[in-house]
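Data block below; observations after.
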Amino acid sequence: MTELPPQYNPQDVEESRYKWWDEQGLFHADPGPKRTPYTIVIPPPNVTGILHMGHALNNTIQDILIRWRRMQGFSALWVPGTDHAGIATQNVVEKALAKEGKRRQDLGRDAFIRRVWQWKEQYGNTILYQLKRLGSSCDWRRTRFTMDEGLSEAVTAVFLELYRKGLIYRGSYIINWCPRCQTALADEEAPRQQTQGKLYHIRYPLEGEGSGAKGEGAVSPPTLRPSPAFIEVATTRPETMLGDTAIAVHPKDKRYKALIGSYAILPIVNRRLPIIADDAVDREFGTGAVKVTPAHDPVDFQLGRKHKLEFINVMTDDARMANVPEAYKGLDRYDCRSKLIVDLEQGGFLGAIDEHAHNVGHCYRCGTVVEPRLSPQWFVKMEPLARPAIKAVKDGVITFHPARWTKVYLNWMENIQDWCISRQIWWGHRLPVYYCSKCARGSGLGARGKGSQLPASSPQPPAEGIIVSKSKPTKCPTCGSTDLKQDEDVLDTWFSSWLWPFSTLGWPEKTKDLACFYPTNTLVTAQEIIFFWVARMIMAGYFCMKRPPFTAVYIHGTVRDITGKKMSKSLGNIIDPLDIIKQYGTDALRYTLVTATAIGQDVFLSEERFAAGRNFANKLWNATRFVLSTARGSGLGARGSIDQPPVPSPQPRTLSVPDRWILSRLQRTIERVNGSLEKFLFNEAATTLYDFLWHDFCDWYLEVSKIQAVAGRQSQVTSNRVLVQVLETSLRLLHPTMPFVTEELWQHLTRATGDMRPATKGAPSSIMVAPWPKADKKLVDAEAERLFEQLQGVVTAIRTTRAELNVPLESRPAVRLAASQAAVRSFFEAHRPLLQALAALGTVDVGAARESPPRAGSRRATKDSGAGKAKDAAAMVVDGVEVFMPLAGLIDAGKERSRLQQRVDELTKQLSGIEARLKDAQFTAKAPKEVVDQTKERHAQIQETLKKFSDHLALLQSM
RNA sequence: GGGCGAUUAGCUCAGCUGGUUAGAGCGCAUGCCUCACAUGCAUGAGGUCACAGGUUCGAGUCCUGUAUCGCCCACCA
């Protein structure tokens with residue numbers, strides 16, 4: 001056994017230890033009937049991902065759960081993998097291409113896709129390597145990618161099945177369109193920028209109010225003398241008025257109430273526009289009346305659907321006017337705007353023009369103002385899918401932690417919108433949809449974005465010429481034509497990740513893995529993707545598997561910097577987990593992340609906090625060094641001294657009070673850690689162990705053991721056994737949180753003491769598969785805890801006084817202790833050497849408490865002067881003068897008793913009062929039912945509390 | 001506008017179903033290189049638990065309101 005260096009250096013152990021775990025196959029889980037499965041699927045990071053603190057927190061939590069369950073004996077499987085992340089990945093590769101001066105169009109679709117795969121092979125596993133640095137114990141043999149063959153098959157299978165059941169349909173949708181790049185943009189690709197614009201007020205004459213307009217197409221050219229009876233609307237984009245098909249007002253708006261249901265006339269075009277009512281209209285803004293252009297505005301689009309309005313597309317791909325009166329045809333959108341302003345002015349339709357700042361989407365690539373645009377897309381009808389997913393959560397089949405997310409989830413699910421699943425990019429799962437050019441001729445289906453005017457909003461019977469098929473059909477089933485083209489679009493990234501919990505286990509094949517590990521147990525993720533991912537997985541789980549994908553969802557907080565901002569590159573406030581690992585070690589990173597976050601609360605991080613984790617690891621390292629050295633010194637090494645694995649309990653009769661105390665504290669720690677982990681209170685589990693190990697074990701027990709070691713052979717051996725047992729057990733408890741340092745120390749400790757053999761023959765001996773500690777109720781020892789606390793109280797009191805009086809260590813003052821309890825007195829007498837050593841004292845006399853403490857010559861009197869009562873106190877002789885000090889711990893025992901007694905008395909009295917009232921027939925007969933119920937409830941409550949207090953009191957009195 | 005969260009020591013935060021004297025880490029002060037650890041040990045200072053009401057024998061904890069900060073969603077036509 002090599003000597004451990006006095007400082008823990010994580011760099012020396014982490015990478016090689018991880019490799020060893022992996023080589024030993026410790027991350028692998030086999031499906032089998034022998035053990036209960038416990039499964040987690042990773043939220044697949046983007047292949048383009050670079051590890052950030054969010055990942056670090058997310059994966060640390062998953063790893064804690066999986067390591068904990070693995071040690072508990074579950075067949076614990078953590079499925080890793082990555083997401084193809086359509087747009088993000090395509091962008092990365094496009095950027096690389098741009099450096100060569102090429103665009104993806106220059107390569108063509110197939111070559112570009114090949115290029116993306118190349119990129120993926122080369123860089124796509126970066127994030128997975130980084131997860132390994134975190135210590136994640138994923139089963140890497142099962143690593144999946146959302147565009148794997150198997151997963152792609154799953155995607156197609158689901159699409160086909162949804163289509164067969166009428167849950168997939170084609171319809172129109174508003175997308176962001178860049179007229180310059182000629183491409184559709186995702187919302188995140190069209191960031192909104194504060195822009196100074198103008199708000200134009202336009203007057204629409206009311207029909208039948210004596211204006212020139214008397215109905216559709218009745219007046220042409222537009223009248224130059226509008227009636228004073230008009231409705232005024234406001235817009236920032238006047239050119240879109242050419243596509244208006246309604247005017248909307250708020251249903252409760254008094255100004256317009258009378259107009260609802262009547263019509264206005266669209267100036268210039270002279271179209272009849274119904275005046276409709278909708279809550280979405282803001283009465284305060286502008287004039288309170290809104291022009292509705294369903295084909296050119298997202299909100300208007302929704303209104304258009306809801307009120308079944310006409311959708312008129314008035315622009316071409318490059319944002320020139322089309323489908324409009326001759327005078328405007330072909331004009332650029334801004335030229336059209338200028339011309340319209342002039343024409344409206346001339347026609348007397350123009351009201352005020354106000355300055356107006358608003359947020360406008362701009363193309364992330366060229367900065368052009370994007371144009372919302374109607375476009376044919378594919379949708380999933382969600383409502384039928386949502387029903388079982390709502391029920392599962394309402395029935396508690398799936399639970400959210402913290403519970404408050406349940407409401408958020410249900411609220412969204414109950415108002416669910418259909419899901420637009422088609423994306424106009426190249427990287428992704430291509431839609432299994434084919435068009436027959438012959439059948440589809442003239443319907444415009446093959447051509448995207450040429451001003452489609454079909455506002456389908458519900459499932460439609462399969463249109464002619466559309467074939468949904470697993471692979472390309474040889475000919476059109478309707479007309480027999482062989483001229484078939486696959487849809488150009490790919491599916492939304494989430495369309496593959498919503499299948500993740502079962503597609504990674506082999507679905508649609510019926511695999512052993514699927515039978516064993518599905519449904520999974522816990523899903524760990526952040527709040528941002530509850531809708532995108534969590535909700536959809538639940539729906540897919542019920543649709544495909546008829547069972548929930550998981551039973552618990554743990555939502556952790558967002559990692560923020562110290563000022564509360566989200567960490568992001570552009571803000572420059574990133575703390576890179578890999579830097580922290582390098583500087584402080586992985587365990588420090590994990591410990592700090594976990595302790596920094598209470599359940600579901602956001603995490604605020606500053607770099608200094610990681611030092612605490614590093615220090616803790618180092619503390620453990622040195623505690624183990626000490627325990628090893630004593631084990632060697634007492635001949636405990638080279639096995640034999642400890643007989644039965646895991647670690648036998650030392651013989652109770654040889655145990656001292658401190659031995660019993662630390663063992664008792666250990667049992668409580670085990671229970672607390674278990675309870676915390678069950679409730680997802682990872683911070684509590686970690687700090688419980690920190691407090692126990694640092695303060696109870698190192699600060700007190702370790703020091704005590706040094707003294708016990710010199711007291712005699714027997715106590716030395718016992719003490720060493722206890723040291724080994726407590727430390728070894730604690731390391732196991734801490735392993736899920738701090739895997740590396742615990743494994744390292746556990747290896748040294750078990751090898752030196754020879755007490756740990758693999759549970760299964762032939763299995764590698766690793767803390768990863770060592771049994772999870774169980775609390776031994778027999779070792780819970782309230783008496784020992786009480787007595788040792790007395791000792792701590794005395795030692796602390798003496799140390800405090802010494803510090804205040806500046807008594808140097810070398811001068812070892814004599815002390816007289818006065819204790820009122822006989823048990824405490826005999827304990828002190830038996831542990832005199834302990835007191836002497838821990839408080840650096842000379843002689844220690846123990847006597848009964850006196851009626852009143854002597855005052856003569858005292859420099860420091862007790863503040864408390866409850867004369868006549870026995871006082872627990874200590875008198876220390878400093879420079880020939882006796883200094884008296886109250887013993888806080890001892891006095892409190894008495895104080896607490898009387899306080900408790902008082903409470904018990906109070907409660908008893910109250911209880912009998914309530915009982916009397918409940919027995920009173922008049923009360924129960926006459927009082928309202930709720931009052932009686934309330935009284936009963938109160939009765940039960942007090943009874944429970946009383947019992948708690950009485951038990952505590954009885955315990956105190958028994959000592 | 002809708003929803004949610006927070007407000008506890010100088011700083012960053014714990015405090016689960018109400019019940020001993022409200023805790024930790026960092027920082028600060030004092031004394032210690034005590035043979036596991038100076039990434040350490042001992043001791044200490046520092047809190048009207050945002051504010052105002054209420055429920056209760058008892059409130060940091062539960063209820064109502066106010067103020068401030070923050071997040072998510074929708075969005076100013």
Side-chain angles (χ1 to χ4, degrees), chain A residues 4 6-8 192 199-200 233-237 240 248 280-282 284-293 297-300 356-359 402 404-405 407-408 411-412 527-528 530-531 557-558 560 562-566 584 588 592 595-606 608-609 611-630 675-676 679 681 683-684 687 690-691 695 698-699 702-703 706 795-796 799-804 806-809 839-840 888 892 895-897 899-900 902-903 906-907 909-910 938 941-942 945 948-949 952:
Chain A
L4 295 179
Q7 271 192 3
Y8 172 53
R192 289 172 169 273
L199 191 62
Y200 303 89
V233 301
T235 177
T236 54
R237 296 185 295 152
T240 62
V281 179
D282 180 0
E284 309 298 319
F285 189 86
T287 62
V290 196
K291 64 190 259 321
V292 183
T293 323
D297 184 276
V299 178
D300 295 4
H356 182 64
H358 58 150
N359 292 319
R404 66 183 134 93
W405 295 110
K407 227 165 50 181
V408 178
N411 185 44
W412 190 73
Q527 61 191 55
E528 290 95 3
I530 292 180
F531 305 140
T558 308
R560 302 176 185 285
I562 212 74
T563 62
K565 294 206 179 61
K566 222 169 172 165
Y584 300 96
T592 299
T595 47
T597 175
I599 184 165
Q601 287 297 342
D602 286 353
V603 188
F604 293 79
L605 277 182
S606 65
E608 303 87 70
R609 287 195 74 157
R614 177 203 54 189
N615 295 353
F616 185 36
N618 193 56
K619 188 76 178 175
L620 290 173
W621 183 264
N622 278 292
T624 308
R625 282 204 323 142
F626 173 78
V627 171
L628 283 175
S629 73
T630 63
S676 302
K679 287 182 279 183
L681 299 173
N683 65 327
E684 194 180 81
T687 50
Y690 179 95
D691 288 342
H695 296 121
C698 290
D699 287 352
L702 229 63
E703 296 306 318
K706 290 175 187 172
V795 169
T796 305
R799 280 175 181 168
T800 305
T801 307
R802 290 181 65 117
E804 278 172 12
N806 261 324
V807 181
L809 263 182
D892 270 5
K895 243 191 191 171
E896 187 186 345
R897 255 204 307 277
R899 217 189 334 254
L900 274 174
Q902 211 179 329
R903 285 241 171 80
E906 259 171 32
L907 287 172
K909 209 165 117 194
Q910 219 179 337
R938 183 101 194 105
Q941 211 177 16
I942 293 181
T945 313
K948 220 162 61 183
F949 283 148
H952 195 177

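Quick note on labels: first sequence line is chain A, next is B, and so on, each numbered from 1. Model, not experiment: these values are computed from the prediction.
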Legend entry - From rC71(B), rA36(B), rC16(B), nucleotide with atom closest to Q527(A) side chain: rC71(B)

Legend entry - Nearest to side-chain heavy atoms of N683(A), which nucleotide of rU43(B), rA14(B), rC37(B): rA14(B)

Legend entry - Rounded C1' spacing from rG25(B) to rC35(B) in Å: 29 Å

Inset, instruction - Could you measure between the two P atoms, the one in rC69(B) and the one in rC75(B), and give it in whole Å? - result: 26 Å

Inset, instruction - Consider the side chain of T800(A), meaning its heavy atoms from C-beta on, and name the nucleotide among rG44(B), rA42(B), rU39(B) that approaches it most closely. - result: rG44(B)

Legend entry - Rounded distance (Å) that lies between atom P of rA6(B) and atom CZ of R404(A): 7 Å

Inset, instruction - Taking only the side-chain heavy atoms of H695(A) (C-beta and beyond), determine which of rU43(B), rA77(B), rG25(B) contains the nearest atom. - result: rG25(B)

Inset, instruction - Identify which nucleotide among rC37(B), rG25(B), rA42(B) has an atom closest to any side-chain atom of Y690(A), counting heavy atoms from C-beta outward. - result: rG25(B)

Inset, instruction - Tell me what K407(A) touches on the nucleic acid: a base, only sugar-phosphate, or nothing, going by heavy atoms under 4.0 Å. - result: sugar-phosphate

Inset, instruction - Would you indicate whether the side-chain heavy atoms of L199(A) and T236(A) approach each other to under 4.5 Å? - result: yes

Inset, instruction - Could you give the distance separating rU68(B) and rG31(B) at their P atoms, to the nearest angstrom? - result: 47 Å

Inset, instruction - Answer yes or no: is there a donor N or O on one side and an acceptor on the other, between the side chain of N806(A) and the main chain of R802(A), under 3.5 Å? - result: no

Inset, instruction - For rU8(B) versus rG3(B), give the span between their C1' atoms, rounded off to a whole number of Å. - result: 26 Å

Legend entry - Closest to side chain of R609(A), choosing from rG25(B), rU12(B), rA77(B): rU12(B)

Inset, instruction - Could you tell me which residues satisfy salt bridge (charged side-chain N to carboxylate O under 4.0 Å, His left out) with R625(A), sequence neighbours excluded, listed by chain and number? - result: none

Legend entry - Atom C1', compared across rG23(B) and rG60(B): separation rounded to whole Å: 12 Å

Inset, instruction - For rU34(B) versus rG70(B), give the span between their C1' atoms, rounded off to a whole number of Å. - result: 49 Å

Legend entry - Protein-nucleotide distance (K619(A), atom NZ; rA36(B), atom C1'), rounded to Å: 8 Å

Inset, instruction - Report yes if the side chains of T293(A) and R237(A) come closer than 4.5 Å at any heavy-atom pair, otherwise no. - result: no

Inset, instruction - Measure from NZ or CZ of K706(A) to the centre of the six-membered ring of F626(A), then state whether that distance is under 6.0 Å and the direction lies within 45° of the axis. - result: yes

Inset, instruction - Could you work out which one of rC75(B), rA77(B), rC16(B) sits closest to the side chain of L681(A)? - result: rC16(B)

Inset, instruction - Using the C1' atoms only, state how far rC63(B) lies from rA45(B), rounded to an integer number of Å. - result: 37 Å

Inset, instruction - Can you figure out which of rC16(B), rG25(B), rU39(B) approaches the side chain of A612(A) most closely? - result: rG25(B)

Legend entry - Side-chain heavy-atom pair Q527(A), W405(A) within 4.5 angstrom cut-off: yes

Legend entry - P atoms of rC62(B) and rA14(B), separation to the nearest Å: 15 Å

Inset, instruction - Round to a whole Å and report the spacing from CD of Q7(A) to C1' of rA38(B). - result: 9 Å

Legend entry - Dot-bracket encoding per residue of RNA chain B, Watson-Crick/G-U cut-off under 3.5 Å, | denoting interstrand: (((((((..((((.....[...)))).(((((.......))))).....(((((..]....))))))))))))....

Inset, instruction - Verify, without hydrogens or angle tests, whether T592(A) (side chain) and R609(A) (backbone) share a donor-acceptor contact under 3.5 angstrom. - result: yes

Legend entry - Side chain E703(A) and base rA36(B) donor-acceptor under 3.5 Å: yes

Legend entry - Closest listed nucleotide, where the reference is the side chain of R799(A) and the choices are rC16(B), rA36(B), rU43(B): rU43(B)

Inset, instruction - With sequence neighbours left out, write down each residue that passes ring pair (Phe, Tyr, Trp, His ring centres under 6.0 Å) with F616(A), or none if nothing qualifies. - result: Y591(A), Y690(A)

